[in-house]
Amino acid sequence: MMDQQQLWARVHRALDDRRDPFEDTELEAWLLEDDQALDEVLRLRDTLLSLGHEVRPRKREWGRSVALAAGIGGLLVGAGLIMERVLAPPTSVRPEPPSVAQLSPNGSRARILEVSISVVTESESARTETTFDGQQFTRQREVQSSAGTGARGPRSDTLISTLVPVRFTP
Amino acid sequence: MTLFHCLFTALLATSALAQEGRRLPDAEETGSQRVSVGVFEEPYVVDVTIYDIADLSQSLSPSATPEDEDPDAAIVRKKEQRRQAAERLGQAVRDFVEPKWRPEVNVLQLAGSSSLVVSGTQEQHKWIVSFLTGIRQVGDQMLFGEVTYIEVPRGHLSKLGVTTPTSLMWTDDVQKLVKRAMRAEDVSIVRGPRVITRPATTATVSVLKQVAYVKSYDIRLIAPEQVLIADPVIDTVSEGYTLLMSGIPLPGGLYGATIKFDRSAIQRPIETREIRLATDPESTATISSPVVTHVSINSKVLLELGQSVAFSTPANDEDRDLLVLVTMVSFTPALERLDALGYVGEQED
């Protein structure tokens, strides 16, 4: 059984070698038992994948002759794949993760289309509402007197103030 | 510019075209109805196109089947699920189409769950064709969404590098920001459970706690002893958060996300006050008056893979600010991995 330190050392070693941690069967079994660690590893791996990092297949510790045969087989398969791509271009049109060169806010096509934020504080005697419509914050406060024996009926004072506009990031 | 002026201008433009020998194509020529709407300064030409979405309504419907379901009930359930899937597609078109949807001119209607009838410009129809093609190619793509919110003393968000009410960040910037917050003082960080959902499906995460308090007392007369008692009136307030999020792939590799975040927090300690009871003028009772702050954020954003959106807002009326970070990550997992994690339901035959 691994402790947390050993587990994370193994995970980081795999990621540093550009290997998928889940290729390690013992590590995978341990992670499936520990939900929190599994979550963390999945998140880490997803982040790396989204940054365009490749994960190479696990290098298996076989004998030299088997490795040589695998290498030759791999070359033949690779040649076959190249020929297949030359003859029949891939049809997948799923968007590729952005490359590192694109990870600049200035080059991003993302934007916020709509936003509205409201903050309402309610108590027995008062209600304050602050809203943001994408351009500026506006604050409105209503005060009510508490009704007691012989007290007046509830009154409402409304104070509306507009705070300094803040820059809205599109 | 008045409406009459606009219509008059449109009429003049139309008659000018006629005088120049050019006529507007009629329905038989284009195969679709072409309408020139002249209520704006420039003519805004729209076409009506019918899109077949029967396959998408089915593929975007949940696939799990309740056990021992009555066949007639199954038909009704599937029909309703397909209708809802078609409505979500229609809403996504309204929310994210480019050029932007104009309710005063554009029209979208559903014909059952199998057809989408859209009145839009040629550019909008090109976008819709690209959008529906992209949805068809989604395959096993899943979306991970998660929310993190950070509460800091008022004015301290700038120390974390947040200076605007809204901002877009890459995931590594989010992680740096969270690490910076963890080292700061008087900061509370809450990380919500991650949700996994298919595209064009709304995921809801709700983490709420109910707190009961004595709001007031009712004086009751107990017969036959003729004794007055003070009966406490109990009320509850909720605190916690609810996140509704849906994402959908769009043309150009972007993802359209609709986010609704609500957070309630009770100010502590809960305010109390003493009241006199009519049962005994000498005795008093304590009632509570909790102060609750509700923060609501509604937003529609376009995100690239690995991006997060951040919203900063006052957390209460006095001394705290709140930063809400919503992240969406898309990936295509191996189904057997999802199955092992318990995320995949039974597949419909």
Side-chain angles (χ1 to χ4, degrees), chain A residues 22 28 32 35 38-39 42-52 91-98 102-105 107-132 134-137 139 141 146 148-149 163 166-170, chain B residues 95-96 100 133-134 137-139 141 144 146 163-173 175 194 249 252-256 267 271 275-276 289-307 309 311-318 322 329-332 337 340-341:
Chain A
F22 291 98
E28 184 187 42
L32 287 176
D35 285 342
L38 176 65
D39 237 5
L42 277 174
R43 196 184 318 204
L44 193 56
R45 192 193 65 166
D46 294 343
T47 304
L48 289 172
L49 284 174
S50 72
L51 291 174
T91 56
S92 168
V93 293
R94 182 161 295 150
E96 295 294 327
Q102 295 172 8
L103 291 182
S104 162
S108 173
R109 295 163 293 149
R111 58 186 188 276
I112 295 173
L113 300 176
E114 289 174 18
V115 64
S116 70
I117 302 174
S118 81
V119 180
V120 176
T121 301
E122 287 181 300
S123 67
E124 196 181 19
S125 58
R127 182 176 188 273
T128 305
E129 182 171 353
T130 306
T131 55
F132 174 67
Q135 297 294 331
Q136 62 184 14
F137 280 98
R139 187 172 173 208
R141 181 173 171 85
S146 56
T149 306
L163 304 179
V166 292
R167 184 165 60 87
F168 171 53
T169 303
Chain B
D95 288 342
F96 300 113
K100 196 177 168 185
T133 306
Q137 289 164 347
V138 155
Q141 193 176 62
F144 268 148
E146 62 180 2
T163 54
T164 53
T166 58
S167 49
L168 294 163
M169 303 180 182
W170 294 105
T171 306
D172 56 349
D173 293 328
Q175 290 172 354
R194 181 181 281 185
L254 290 172
Y255 288 79
Q267 190 175 304
E271 290 182 8
I275 59 171
R276 281 217 174 79
S289 305
V291 178
V292 185
T293 302
H294 307 275
V295 175
S296 294
I297 298 173
N298 288 278
S299 185
K300 287 193 181 73
V301 299
L302 297 179
L303 295 174
E304 294 189 32
L305 280 180
Q307 281 193 328
V309 57
F311 307 97
S312 63
T313 171
N316 60 22
D317 210 22
E318 294 166 8
L322 183 70
V329 177
S330 162
F331 77 116
T332 302
R337 179 87 63 231
L341 296 174

Self-check item: Interface moiety of B:Val309 toward chain A, non-hydrogen atoms closer than 4.5 Å
Solution: side chain

Practice problem: Can you tell which part of B:Gln267 gets under 4.5 Å to a heavy atom of chain A, answering side chain, backbone, both or neither? | Solution: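 Answer is neither: B:Gln267 stays 4.5 Å or more from chain A.
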
Quiz prompt | Top of B:Leu322, B:Leu254, B:Thr133, B:Ile275 for chain A proximity - count of heavy-atom pairs under 4.5 angstrom | solution =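 Counting heavy-atom pairs under 4.5 Å, the top option is B:Leu254.
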
Quiz item: Looking at B:Asn298, B:Ile297, B:Val295, B:Val291, which makes the most heavy-atom pairs under 4.5 Å with chain A?
Solution: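 Between B:Asn298, B:Ile297, B:Val295, B:Val291, the count favours B:Asn298.
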
For the residue pair [X] and [Y], establish whether any side-chain heavy-atom pair is separated by less than 4.5 Å.
X        : Y        : result
B:Ser296 : A:Ile117 : no
A:Phe132 : B:Thr313 : no
A:Leu113 : B:Asp95  : no
A:Glu122 : B:His294 : yes

Self-check item: Spacing of OG belonging to A:Ser116 relative to NZ belonging to B:Lys300, to within rounding of 0.5 Å
Solution: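 Those atoms lie 9.0 Å apart.
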
Practice problem: Let me see the working for B:Leu168 and A:Ile112 under side-chain contact (heavy atoms from CB on, under 4.5 Å), right down to the final yes or no. | Solution: CA-CA 8 Å; B:Leu168 294 163; A:Ile112 295 173; 4.2 Å; yes

Self-check item: Check: B:Ser299 side chain, A:Glu114 main-chain N or O, donor-acceptor pair, under 3.5 Å
Solution: yes

Quiz prompt | Under 3.5 Å: donor-acceptor pair, side chain of A:Arg109, backbone of B:Gly252 | solution =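 The answer is yes, because a donor-acceptor pair under 3.5 Å joins these two groups.
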
